[in-house]
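Written out below as structure tokens is the structure these notes cover.
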Amino acid sequence: METLAVIDFETTGMSPEHGARATEIAAVLVRDGAIVGRYQSLMNTGAYIPPFIEELTGISNAMVRQAPPAEEVMREAAEFVGGHPLVAHNASFDRKFWDDELARVGLERRQDFACSMLLARRIYPDAPNHKLGTLVEYARVPVAGRFHRALADAEMTANLLLRMEEELMGRFRLEAVSHELLRAIQAVSRRELEACVERYLRKEAV
DNA sequence: TGCCAGGCCCTCTTTAGGGCCTT
């Protein structure tokens with residue numbers, strides 16, 4: 001059975017290209033419909049956390065000053081994730097920081113990301129919006145802790161992913177949902193969801 | 001907010017604009 005790694009970063013800003021750095025990372029492993037592993041750590045990059053971000057995440061400059069060095073944390077996180085396919089909510093954001101923080105320790109990403117936000121737009125088109133907090137309530141996912149902390153957000157994203165996989169399995173009578181199928185679904189428009197799954201199933205059958 | 005992005009999607013579209021989502 002395939003194992004997926006769901007990751008979430010807290011950061012000092014929106015883009016590493018403009019100097020933002022990670023302040024916390026979490027990764028949870030998902031297999032057989034359940035969370036089977038967890039990793040979480042604050043990380044010290046030396047970067048300043050603006051007051052707005054401190055307020056948003058509850059992660060202060062004092063907290064990260066006492067945290068392990070970013071190099072140590074990223075090596076641990078990369079080892080924990082291994083080669084498992086990745087998932088994140090609005091993955092384009094976490095992918096940038098994953099790639100940037102790995103590169104700083106001489107490592108490279110080995111796998112693709114699937115995005116739970118793009119999937120939710122297709123699977124739950126009638127949700128009020130597709131923010132993680134809204135989807136957690138909409139899909140009746142248990143609240144795992146404070147929003148905007150990495151482990152809570154990663155766990156809720158993982159459980160949201162499992163709900164969406166159940167929805168796909170029920171709707172299309174699938175026995176399992178692979179990372180490859182998730183990537184195929186997120187690459188088509190909402191209207192093409194059904195045709196996409198059918199194409200995928202035909203390819204699998206050949 | 002120590003001021004910044006960018007990929008994606010929808011539609012009153014495609015020779016474009018604007019909103020969403022992440023911190």
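A note on names: the letters A, B, ... follow the listed sequences, proteins ahead of strands, and every chain is numbered from 1. Keep in mind the model is a prediction, meaning the values are calculated, not measured.
A salt bridge between A:Lys96 and A:Glu17 is absent, with no side-chain N of the basic residue lying under 4.0 Å from a carboxylate O of the acidic one. A salt bridge links A:Glu167 with A:Arg171: at least one charged nitrogen is closer than 4.0 Å to a carboxylate oxygen.
Residue A:Glu192 contributes atom CD, which lies 14 Å from atom C1' of B:dC10 at whole-angstrom precision. Taking atom CG of residue A:Asp94 and atom P of nucleotide B:dT23, one finds them 7 Å apart after rounding to whole Å. Atom CG of A:Leu118 is separated from atom C1' of B:dG6 by 13 Å (rounded to the nearest Å). Distance A:Leu135 CG to B:dT22 P: 8 Å, rounded to the nearest Å. Remark: P of B:dC4 and NZ of A:Lys96 are 14 Å apart, rounded to the nearest angstrom. Rounded to a whole Å, the CZ atom of A:Phe9 is 16 Å from the P atom of B:dT22. A:Phe147 has its CZ atom 11 Å from the P atom of B:dT23, to the nearest Å. The distance between atom CD1 of A:Ile7 and atom P of B:dT23, rounded to the nearest whole Å, is 12 Å.
Comparing B:dC12 with B:dC20, their P atoms are spaced 16 Å from each other, to the whole Å. Taking the P atom of each, B:dG19 and B:dG2 are spaced 25 Å apart, rounded to whole Å. When the P atom is used for both B:dC3 and B:dC21, the distance is 23 Å, rounded to whole Å. Straight-line distance between the P atoms of B:dT1 and B:dG18: roughly 25 Å, to the nearest whole Å. B:dC8 and B:dT13 have their C1' atoms separated by 15 Å, given to the nearest Å.
A:Gln186 comes within 4.0 angstrom of the backbone, heavy atoms only, and of no base. Among the heavy atoms of the strands, none lies under 4.0 Å from A:Thr23. Across all strands shown, A:Met14 has heavy atoms under 4.0 Å from base atoms, whether or not it also approaches the sugar-phosphate. Within 4.0 Å (heavy atoms only), A:Ile49 reaches no atom of the nucleic acid at all. Within the 4.0 angstrom heavy-atom criterion, only backbone atoms of the sugar-phosphate kind lie near A:Asp153; the bases stay farther away.
For the pair A:Arg191 and B:dT11, the criterion of a side-chain N or O lying under 4.0 Å from OP1 or OP2 is met. Phosphate proximity of B:dC21 to A:His89: absent, as no side-chain N or O sits under 4.0 Å from OP1 or OP2. When the side-chain nitrogen and oxygen atoms of A:His130 are compared with OP1 and OP2 of B:dC20, none of them lie within a distance under 4.0 Å.
The side chain of A:Asn90 lies closest to B:dG6 when the candidates are B:dG2, B:dT23, B:dG6. Among the nucleotides B:dA5, B:dT22, B:dT23, the one closest to any side-chain atom of A:Lys131 is B:dT22. Each of B:dT23, B:dG2, B:dT22 was ranked by its minimum atom distance to the side chain of A:Pro50; first place goes to B:dG2. The A:Glu10 side chain lies nearest to B:dT23 when the options are B:dT23, B:dG6, B:dC21. Across B:dC10, B:dT23, B:dG6, the shortest atom-to-atom separation from the side chain of A:Ser189 is found for B:dC10. With B:dC20, B:dA5, B:dG2 as the choices, the nucleotide that has an atom nearest any side-chain atom of A:Arg121 turns out to be B:dC20. Taking every side-chain heavy atom of A:Asn129 into account, B:dC21 is the closest of B:dC21, B:dG2, B:dC8. Ranking B:dT23, B:dC8, B:dG6 by closeness to the A:Asp8 side chain, first place goes to B:dT23.
For the residue pair A:His89 / A:Ser116, a side-chain donor-acceptor distance below 3.5 Å is found, with atom types taken as modelled.
Between A:Arg95 and A:Tyr48, the one whose closest nucleotide on DNA chain B sits nearer the 5' end is A:Tyr48. With the nearest nucleotide of DNA chain B identified for both A:Pro51 and A:Leu132, A:Pro51 has the one nearer the 5' end.
The backbone N or O of A:Ala47 sits nowhere less than 3.5 Å from a side-chain atom of A:Arg21 that would complete a donor-acceptor pair. At distances below 3.5 Å, at least one donor-acceptor pair connects side-chain atoms of A:Asn159 with backbone N or O atoms of A:Glu155. With A:Glu24 contributing its side chain and A:Ala150 its backbone, the two residues share a donor-acceptor pair below 3.5 Å.
Judged by ring centres under 5.5 Å apart and planes tilted less than 30 degrees, A:Phe93 fails to stack against the six-membered base ring of B:dT22.
A:Tyr138 and A:Tyr124 have perpendicular rings, their planes meeting at more than 60° on a 0 to 90° scale where under 30° would count as parallel.
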